[in-house]
Every structure is written in C-alpha cells, then in structure tokens.
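Following: one structure in structure tokens, then a few remarks.
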Amino acid sequence: MPSAARILAWWSRSGSAVLSWAAALMALSGLVWLSYETWRLLWQPPPMGAVDLGQRYAETRALFAGEPVYQAIGTASYPPASMTVLWPILGWPSFATARWLWALLTAGTLAWMARRVVRESGATTGAERRLAMLLPLATYATGAATGNGQVTVPVVACLLASLPVLLRED
C-alpha cells in the first residue's frame, strides 16, 4: 500500500481526534498567552506595558494640542492621518481609560476575526471550525501586538475585511 494511501486511511480514522487535540492545545496556549499580554496592556506600567499604545497616545494628544509632534517626540513616525483615526480612543481620555478602550477594541476585533476565519476557511466539521477559530487567537504575533498596544490587530482585521472586495473580478 503506498504511503499516501496509508496516510489517508490513518487520517480518516484519527483526523477528528488529532484536530480536537490540536484545538485543545491551541486554546490552552492562546488563553495563557493572551491573558498575560492583556495584563501587559491593561496593568503593566511603562515602559514594558502598552509601550506602543503609550507612544501613539502621546503623539495623538500632542498633535491635537498643536505641539510640534515630530520635533518634540523622538519616536513619532506615524503620519497625522493615523493620529486622526486614533483620536476617538486616544485623544480625549486618560491613558488608563485609553488602555481599556484599546483592550475592548482589540477583543472585539479578535472575536470578529475568529468568526471570519471560520466562515472563510471552508471548515466543515466541528473540530475543523474550532481549529480555524483559534488560529488568530493563539499566535505569538496576536499576543505580542495586544500587550504592546499595537495597531496590528485592527489593521489586519481591516485587511481581511477588504479581501473580498479586492478579489472580486468586476
């Protein structure tokens, strides 16, 4: 019996269990990693906690206060349009409140992305859907971006949302 046929036979017998175990491991690792990184975003003091969010916070507030952002803040590299987009979350509240708002935005975005990945994955079984749902939640990059307060998670969500438009043939 050729190797491919043996592998297919094994997968038809064991595939669901393998996917279930993989989903359980991904859920555990995602829970641990995202919990730690959420703690970093919300409660770890600077300079380690919400480091990028703190920089965007300072830049956004400086821009709308009429201060020379790029001369006064050495880390300022985002264009003014980015700060305009970030103003609803970073422009008016205290930094502690902005951290919570950013955490809510990130959590909502991750929930949307998990649902979208399941829908677009073509997963048919429950085990496949669970594994697909956990993909955006259990990656190192998702956790690190969350803890640092980076714009990565919302930007990736916007890119995912734009794919159907970009892939249309008309």
Pair up each side-chain donor or acceptor in residues 120-128 with any protein partner under 3.5 Å, not counting sequence neighbours, and list the distances.
| residue | atom | partner | partner atom | Å |
| --- | --- | --- | --- | --- |
| Ser121 | OG | Val117 | O | 3.4 |
| Ser121 | OG | Val118 | O | 2.9 |
| Ser121 | OG | Ala123 | N | 3.1 |
| Thr124 | OG1 | Glu128 | OE1 | 3.0 |
| Thr125 | OG1 | Glu128 | N | 3.2 |
| Glu128 | OE1 | Thr124 | N | 2.7 |
| Glu128 | OE1 | Thr125 | N | 3.2 |

Exercise for the section: Using modelled atom types only, decide if a donor and an acceptor are shared between the side chain of Tyr57 and the backbone of Leu90 within a distance under 3.5 Å. Expected result: no
Practice task
Please identify each residue that fulfils side-chain contact (heavy atoms from CB on, under 4.5 Å) with Pro80, with sequence neighbours left out.
Solution key: Leu63, Tyr70
Exercise for the section: Count the heavy atoms belonging to other residues, nucleotides or ligands that lie under 6.0 Å from CZ of Arg119, then report whether that count exceeds 12. Expected result: yes
Handout entry: Pairs meeting criterion side-chain hydrogen bond (donor to acceptor under 3.5 Å, both in side chains) with involvement of residues 151-160, two or more places apart
Key = Gln150-Thr152
Handout entry: Polar side-chain atom of Ser35 near backbone of Leu31 as donor-acceptor pair, under 3.5 Å
Key = yes
Problem - Student check: side-chain heavy atoms of Leu34 and Leu137 closer than 4.5 Å - result: yes
Practice task
Could you note down all residue pairs passing ring-ring contact (aromatic ring centres under 6.0 Å, His included) where residues 101-133 supplies at least one of them, sequence neighbours left out?
Solution key: none
Exercise for the section: Report yes or no: do Met26 and Leu28 belong to one cluster of Ile/Leu/Val/Met/Phe/Trp/Tyr joined by side chain heavy-atom distances under 4.5 Å? Expected result: no
Handout entry: Trace of the side chain to side chain contact (heavy atoms under 4.5 Å, CB included) decision for Val153 with Leu110
Key = CA-CA 7 Å; Val153 173; Leu110 286 173; 3.8 Å; yes
Exercise for the section: For Val155, enumerate each residue passing the side-chain contact (heavy atoms from CB on, under 4.5 Å) test, keeping only those at least two apart in sequence or located in another chain. Expected result: Val151, Leu159
Problem - Side-chain donor or acceptor of Thr109 paired with backbone N/O of Leu105 under 3.5 Å - result: yes
Exercise for the section: Provide the full list of ring-ring contact (aromatic ring centres under 6.0 Å, His included) pairs with a residue in residues 13-32, sequence neighbours left out, each pair given once. Expected result: none
Fill in the blank from the handout: Contacts of Arg13 meeting salt bridge (Lys or Arg N to Asp or Glu O under 4.0 Å) (sequence neighbours excluded), chain-then-number -> none
Fill in the blank from the handout: Residue pairs meeting ring-ring contact (aromatic ring centres under 6.0 Å, His included), one or both in residues 149-169, sequence neighbours left out, come to none
Exercise for the section: Provide the full list of salt bridge (charged side-chain N to carboxylate O under 4.0 Å, His left out) pairs with a residue in residues 136-159, sequence neighbours left out, each pair given once. Expected result: none
Practice task
Name all pairs fulfilling the ring-ring contact (aromatic ring centres under 6.0 Å, His included) condition that reach into residues 124-145, sequence neighbours left out, sorted by first residue then second.
Solution key: Trp33-Tyr140
Fill in the blank from the handout: Across all chains, not counting sequence neighbours, the side-chain contact (heavy atoms from CB on, under 4.5 Å) partners of Leu42 are Thr38, Arg99, Trp100, Ala103
Exercise for the section: Scan for salt bridge (charged side-chain N to carboxylate O under 4.0 Å, His left out) pairs involving residues 27-40, sequence neighbours excluded, and state none if there are none. Expected result: Glu37-Arg40
Exercise for the section: Kindly indicate whether the side chain of Glu59, heavy atoms from C-beta on, has any atom under 4.5 Å from the side chain of Ser77. Expected result: no
Handout entry: Joint cluster assignment, Phe95 & Met83, ILVMFWY side-chain distance < 4.5 Å
Key = yes
Problem - Side-chain heavy atoms of Trp92 within contact of Phe64, under 4.5 Å - result: no
